[in-house]
Amino acid sequence: MQTAALLDLDIAAFCRQLESTGHGRAYVVTAADQTIAVSHPQLQVLAEWLQQANPDYLAHEGLFFEVGKQSGALFGAFVHGTRRGQSQGGLRFWPYPTVGDFLRDGLRLSLGMTRKNALAGIWWGGGKGLIARPPGDRHKDPAFRELVYREYGTFVTSLGGCYITAEDAGTWATDMSSVFATTRFTTCIPPALGGSGNPSPATAKGVVCAMEAALAHAGRGTLQGKKVAMQGLGNVATAMVGELVARGASVLACDISPERCADVQQRFADDPVEVRHVATTDLGIFAEPCDILAPNALGGVLNPTTIPMLATKIVCGAANNQLLHETRDAEALQQRDITYIPDFLCNRMGIVHCANEQYGRLSHDPAIERHFGREWENSVYVITTKTLEMAAREGLTTAAAAIRLADELAQVEHPIWGHRSRAIIDDLVASQWHTRR
Ligand code: NAD
């Protein structure tokens, strides 16, 4: 099969191919000498695609695929870098038209998790889980969801702990109970089962720490008296409004949901908070004169349309993947002398909040609180400052500086377990994991 033919295959056809091997499982693994091993000869084209076209992706230690025995859904576990520890990243339940879409999303997101976890100074590598959502409405059926997530948990168990899953887009809190029913290799379990609960307030606080670092780096003081314009008034943004007004800032925020707008307006009726209900296509918030723009809704919002509109000197928000194109749009912001705080640097607290939940819970947990301080070398404030200093010193975009810093930190091995997940992956290959569904 040609590479294009494999990448253009729809998910159902790919699942039939995997089933036709007799195993319903497959892997692509990069050995220490950078050679790529595949479970089945049909996947050799994939190895070549990874090697030739995607230098960033080459670093992936392992990609694992399985077709759910009863659900027929396609599962993926993308293990990027595991020197700092087991690969960790959320489980996305999303409709993917083709195998190429499925692979690109998993590869990009798991690489991002290695960087996010390394910059956060936590002892986890980076990975990502995907379930390709079948067409139609089946995914809304609670019984089907339970089956899919239980099967996904079994899949994760089979990987021996080289990938630890978590919640992500399309996956709900109840789904995490189903995952937890069949694997111990998960975080973000419901609080009733010992999990850490809603991470949004912590995420909001982390982003605000990065705003403070950006203002200080620019010699513009604190948040007191500053105006923050915000796209989105969801879980993170609502908590962020509270953090900002407590620091003396004013907020202008917009959302497409009239309920969210009314709720926030009412909650902050006595504060300098203006709320606008907008249409999905309304880009007015990007042209709003402000000290900081906080994209808190969607990815891809920093692009050739919006960047020329910006009337701010700082962009710092919680939304994932804000740059539509990683280098082009980072450079466009730099050329406009706008300081962009990379999302994977400032929105870390979502994963940090649940990453270490198996170590127990404390109120005012120092393992969480140190991320918000200015003493610990990996706090949001300190790492943001380091990134901005490196970017200024070396003439890099802030995104490039954060990536360089993250990639250095990702090479540091776990202080107790070393590069153990590498050994787990080698063991999966040696023991013919793909034949054991
Ligand atoms: P959410 O779904 O609660 O909030 C998103 C809000 O954006 C919703 O209220 C929605 O109505 C609004 N919205 C959507 N399109 C819009 C548009 N065109 N204009 C204005 N508003 C629009 O999500 P959340 O948990 O608050 O997360 C927000 C972002 O932060 C997401 O990109 C998420 O991936 C990212 N993030 C969240 C966390 C976390 O802890 N929840 C952690 C890291 C990153």
Side-chain angles (χ1 to χ4, degrees), residues 88-94 105 108-109 112-113 115-117 119-120 122 126 128 166-173 176 187-188 191 195-211 229-244 251-265 267 274-288 293-303 305-306 309 315-324 341-355 357 368 371-372 380:
Q88 198 212 27
L91 171 56
R92 190 165 278 203
F93 189 34
W94 212 248
D105 211 31
R108 178 178 65 89
L109 292 166
M113 285 311 300
R115 289 175 173 160
K116 188 182 288 195
N117 291 342
L119 283 177
I122 54 177
K128 199 76 191 174
E167 194 175 333
D168 191 46
T171 295
W172 306 334
M176 295 313 295
T187 59
C188 300
S196 50
N198 180 9
S200 302
T203 302
K205 203 168 171 183
V207 175
V208 170
C209 292
M211 290 178 178
M230 218 179 255
Q231 186 187 41
L233 269 176
N235 290 316
V236 177
T238 305
M240 199 182 292
V241 173
E243 295 287 340
L244 289 169
V251 177
L252 165 68
C254 70
D255 201 292
I256 55 171
S257 153
E259 293 80 23
R260 299 297 317 154
C261 290
D263 175 54
V264 173
Q265 190 77 80
R267 216 185 286 192
E274 184 189 338
V275 173
R276 286 186 195 156
H277 175 227
V278 293
T280 311
T281 49
D282 191 327
L283 297 179
I285 198 76
F286 294 100
E288 195 63 43
L293 175 80
N296 285 329
L298 309 164
V301 293
L302 300 173
N303 56 49
T305 305
T306 56
M309 296 166 64
V315 178
C316 179
N320 281 316
N321 305 315
Q322 290 166 36
L323 301 171
L324 185 62
I341 307 301
D343 43 61
F344 57 90
L345 191 166
C346 66
N347 73 10
R348 62 162 72 168
M349 292 310 293
I351 199 76
V352 168
H353 185 74
C354 68
E357 63 190 13
I368 299 290
H371 289 266
F372 305 132
V380 179

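In what follows, residues are counted from 1 in the order of the sequence shown. Start at 1 and go down the list; that is how both ligands and their atoms are numbered.
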Item to check | Under-4.0 Å protein heavy-atom contact, atom 2 (O) of ligand 1 | outcome: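 Looking at atom 2 (O) of ligand 1, one finds that no protein heavy atom lies closer than 4.0 Å.
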
Checklist entry - For atom 23 (O) of ligand 1, is the nearest protein heavy atom under 4.0 Å away? => result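 No, no protein heavy atom sits under 4.0 Å from atom 23 (O) of ligand 1.
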
Tell me: protein heavy atom nearest [atom], and distance?
atom	answer
atom 17 (C) of ligand 1	Ile256 CG2, 3.6 Å
atom 4 (O) of ligand 1	Gly234 CA, 3.2 Å
atom 28 (C) of ligand 1	Asn296 O, 3.2 Å
atom 19 (N) of ligand 1	Gln231 NE2, 3.5 Å

Checklist entry - So how far is it from Phe372 CZ to Glu243 CD, rounded to the nearest 0.5 Å? => result 8.0 Å

Among [options], which one has a heavy atom closest to [atom]?
atom	options	value
atom 31 (C) of ligand 1	Ala318, Pro201, Ala297	Ala297
atom 42 (C) of ligand 1	Thr203, Asp343, Val352	Thr203
atom 8 (C) of ligand 1	Asn321, Asp255, Asn320	Asp255
atom 43 (C) of ligand 1	Val236, Asn347, Thr281, Asp282	Asn347

Item to check | Val352 versus Ala120, closest heavy-atom pair with distance | outcome: CG2-CB, 3.8 Å

Go through ligand 1 atom by atom and flag the ones less than 4.0 Å from a non-hydrogen atom of [X].
X	value
Gly232	7 (O), 20 (C), 21 (N)
Ala319	29 (C), 30 (O), 32 (O), 35 (C)
Arg260	9 (O)
Thr280	18 (N)

Item to check | Any donor-acceptor N/O pair, Asp343 side chain to Asn321 backbone, under 3.5 Å | outcome: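 Here the side-chain-to-backbone pair exists.
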
Item to check | Member of Leu302, Asn303, Thr306, Leu298 meeting the side-chain contact (heavy atoms from CB on, under 4.5 Å) criterion with Gln322 | outcome: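 Single side-chain contact (heavy atoms from CB on, under 4.5 Å) partner of Gln322 among Leu302, Asn303, Thr306, Leu298: Leu302.
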
Checklist entry - With only distance considered, is Asn235 within less than 3.5 Å of ligand 1 through an N or O on each side? => result yes

Item to check | Val251 and Met230: CA distance, side-chain angles, deciding distance, side chain to side chain contact (heavy atoms under 4.5 Å, CB included) verdict | outcome: CA-CA 7 Å; Val251 177; Met230 218 179 255; 4.1 Å; yes

Item to check | Check: Asn320/Asn347 side-chain N/O donor and acceptor closer than 3.5 Å | outcome: yes

Item to check | Thr203 versus Arg348, side-chain donor and acceptor atoms under 3.5 Å | outcome: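 Per modelled atom types, Arg348 and Thr203 side chains form no pair under 3.5 Å.
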
Checklist entry - Can you find a heavy atom in the side chain of Val278 that is under 4.5 Å from one in the side chain of Ile256? => result yes

Item to check | Residue pair Asp255, Arg276: steps toward the salt bridge (Lys or Arg N to Asp or Glu O under 4.0 Å) verdict | outcome: CA-CA 7 Å; Asp255 201 292; Arg276 286 186 195 156; over 6 Å; no

Checklist entry - Below 4.0 angstrom, N of the basic side chain to O of the carboxylate: do Asp168 and Lys128 qualify? => result yes

